[in-house]
J.: 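Attaching a single structure in structure tokens format; questions to follow.
Just so we're on the same page: letters track the sequence lines, and every chain starts at 1. Keep in mind that what you see is a predicted model, and the values were worked out from it rather than measured. Below, each value reflects all heavy atoms present in this structure, side chains not excepted, and no hydrogens, waters or symmetry copies.
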Number of protein chains: 2
Amino acid sequence: MAGDVRVQPVARQACAEIRYPAETRRRARTVHRVARRDGRRKLPTIKVVAAAAGVSTSTVSRVFSRPHLLRESTVAHVTEVATRLGYVPHHAARALSTGRLGMIAVVVPDIANPFFPPVIRAAQARASAGGASTVLGDTDEDPAKELDLLVKLQQRTDGVVLVSSRLPEDVVRERGRQGPLVLVNRDVADVPRVLVDSAPGMREAVDHLAALGHRHLAYVSGPTTSWSDEQRRRAVGERAAALGVAVSVLRAHRPDHEEGRAAAGEVLDAGATAAVAFDDALAQGVLAGLAERGVAVPGEVSVIGCDDILAATTYPPLTTVRGRGAEAGRLAVELLLELVDDPDAGRDHRRLLPSSLTCRATTAAPPSSGTRRFDPRGAS
Amino acid sequence: MAGDVRVQPVARQACAEIRYPAETRRRARTVHRVARRDGRRKLPTIKVVAAAAGVSTSTVSRVFSRPHLLRESTVAHVTEVATRLGYVPHHAARALSTGRLGMIAVVVPDIANPFFPPVIRAAQARASAGGASTVLGDTDEDPAKELDLLVKLQQRTDGVVLVSSRLPEDVVRERGRQGPLVLVNRDVADVPRVLVDSAPGMREAVDHLAALGHRHLAYVSGPTTSWSDEQRRRAVGERAAALGVAVSVLRAHRPDHEEGRAAAGEVLDAGATAAVAFDDALAQGVLAGLAERGVAVPGEVSVIGCDDILAATTYPPLTTVRGRGAEAGRLAVELLLELVDDPDAGRDHRRLLPSSLTCRATTAAPPSSGTRRFDPRGAS
DNA sequence: CTGAAAGCGCTAACAT
DNA sequence: ATGTTAGCGCTTTCAG
């Protein structure tokens, strides 16, 4: 099986110590190293609460973890005392005895990409409702960094939600075996995943364009390693073929404004009257590139984005495929929490969230042929 | 059992327990509660490494925390054995004995606001270099949520970086007393802080506009509770006054596209020939609002943003004040790490990062007076 | 330079 | 329903 991919550069990474700056200097002044621990205001422990409340430590413990096992009056009393003393459970201690860290991780390729904040936020909210906190990892679109981070986070958290992974399939699967892992927008068998299914929306987009009268459109691609890109490209291609509409597929690397801007020229060169972009950032770039060249949108060329992430912030407002990223984030965490609780559950869970087209102002009928495109230089 | 989405609304957030979904059900099937702990592949502990290497546990411990106290050969040997066994230090255990969690928090008002991702990312990178991981908090621009989060995170981490806090000054100060806290873009005495100083850039902006011939400009404000807004507004006001240029201050609440769009009309109504916005999102909104009204930028009205966060993604490319958010994030974490190590250090550290103007394509001389502006209503 | 042993604060059997 | 008692895995005096 692909199983033995065994990514083992974990070695030195393993001892990423808690080495704060001054700690190094400290080696010099050897003597009197009073435990720095007292620097922090010492919080009361379960023990002092127990004493103050006249009960045993286990009772206090139960008050905070399984109150339903106790008489109501006891709970009330202990809670009161605890509050008065300012007691708060110590997480590390709890983690050590339960084996549960109370923390999950969410890993994304690029936090600055506006598709991710909503999923992160929703994930966070759901995790917090489940009593877990969330650490965020940013891989900077770099697979090597992604793997490092993933390995590290799998050790330090109860589980991770991996969004839009750029890692090879077998590596992802292997990670899934190492600990609770839920994928978002990546479809790998045997790893639970939630996918925003852009295909329906993309098909609607093509239908919409065809209905408007477009006969030739361009698809502006995203990262090759992206599952979403493949899915979207295929949906556009298939539907267009079925409708007898021509498609030029344009390459683009990072899904950002810059690349989209560059792609605008190619859209024009290809002779397309409409562009469907992998995502909104790219679409926005295309819009800008078109504007630069004096091409009117949607008068001369129509543009459609995907994810509905900044649709309302372009001019004209972008027609786009709505992505439901937040929902995906929430669902992923929900699934992960179940998985943490029971590692054998949902191994092959696969949840699809269908998308749909949202029409705004960047699509219209193509210009009647002959005068179909404005040439900035011939304009005198 | 795959499909069904069961949202378990976790009643009282009161004692934020690690209560994962299934845990509640478990109460039913009382018997055979094998410790779920074995669900996770059990990692080797310091003890087994010690045994395998023929040394004591303390030696292994030292190898991973203060190798300089050991003979090199010992270190090498133990490291080798540890690696072979796949040993990784258990963080919770370490935290419990050292009192150090190895984790800091970064709290921002809105992760979807493009100003923050760079600061978060930089903070994360710096923290990770210092051996700490980072949890991210999003307050959703809500002071109450902010305080909750802050309190909670101060308990669970070694310290927090609080970015663009919307909390009252005394509350912030009090939090600063409760534990290591570093502010970004908020100036509260007695709490260490790093501020991106937008004043220089704002002054340059006014100079630039005045030099171009503008005599009346509008300042589109951000959140009232924002230190940055106050600072920017004042800088614009003072410089303009000194130059004899009129300023209309426009209110805006959330610094987002929508509000900016709405503000465009006000800019026009005020009779200004240039708008300086609190931030780029707002400026971009103004751009869109102007475009909607058929007003040419920069031909009829000039626009300047702040933070340089999406400057390259507008059309025309936005002239803006460069913010240095990433640097601020990095510095803040650096400071925090020092603070964690020595709580008495830098109590009143205050670091200013001067900004500067970046000219792009949204500024130009105002139209010659008389025909200076298009009036949407008077146009018939 | 290395080892032995005493916890860090909390939970979880097992007894009541 | 509550108390007792061992640890969870690691760090850290204190002795050699």
J.: Nearest to the side chain of Ile46(A), which nucleotide is it out of dT12(D), dG7(C), dT11(C)?
T.: dT11(C)
J.: Which nucleotide sits closest to the side chain of Arg94(B): dT5(D), dT11(D), dA4(C)?
T.: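 From the listed options, dT11(D) comes nearest.
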J.: Looking at every strand, decide which applies to Thr59(A) at a 4.0 Å heavy-atom threshold: base, sugar-phosphate, or nothing.
T.: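 It contacts sugar-phosphate atoms only.
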J.: Base, sugar-phosphate or nothing for Val55(B)? Non-hydrogen atoms, less than 4.0 Å.
T.: sugar-phosphate
J.: Starting the side chain at C-beta, find the nucleotide from dC10(D), dG3(D), dT2(D) nearest to His90(B).
T.: dC10(D)
J.: Does any N or O donor sit under 3.5 Å from an N or O acceptor when you compare the side chain of Ser97(B) with the base of dT12(D)?
T.: no
J.: State whether Arg100(B) and Asp341(B) are salt-bridged, where the test is any N-O pair (Lys NZ or Arg NE/NH1/NH2 against Asp/Glu carboxylate O) under 4.0 Å.
T.: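 Asp341(B) and Arg100(B): salt-bridged.
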J.: Rounded to the nearest 0.5 Å, what's the gap from CG on Leu101(A) to CZ on Arg94(A)? Could you check?
T.: 12.0 Å
J.: How would you label the contact of Ser61(A) with the nucleic acid (heavy atoms, under 4.0 Å): base, sugar-phosphate, or nothing?
T.: base
J.: Which of these nucleotides, dG9(C), dG3(D), dT11(D), is closest to any side-chain atom of Leu96(A)?
T.: dG9(C)
J.: If we only count heavy atoms from C-beta on, is the Pro192(A) to Asp348(A) side-chain gap below 4.5 Å?
T.: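 A side-chain contact is absent here, since even the closest heavy-atom pair is not under 4.5 Å.
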J.: Taking the minimum atom-to-atom distance to the side chain of Arg66(A), which one of dG3(D), dA12(C), dC14(D) wins?
T.: dA12(C)
J.: Any idea which of dT11(D), dC1(C), dA1(D) is nearest the Arg71(A) side chain?
T.: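 In terms of side-chain proximity for Arg71(A), the closest of dT11(D), dC1(C), dA1(D) is dA1(D).
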J.: Regarding Ser58(B), tell me which of base, sugar-phosphate or nothing describes its non-hydrogen contacts under 4.0 Å with the strands shown.
T.: base
J.: Atom NE2 of His77(A) and atom P of dA1(D): how far apart are they, to the nearest Å?
T.: 18 Å
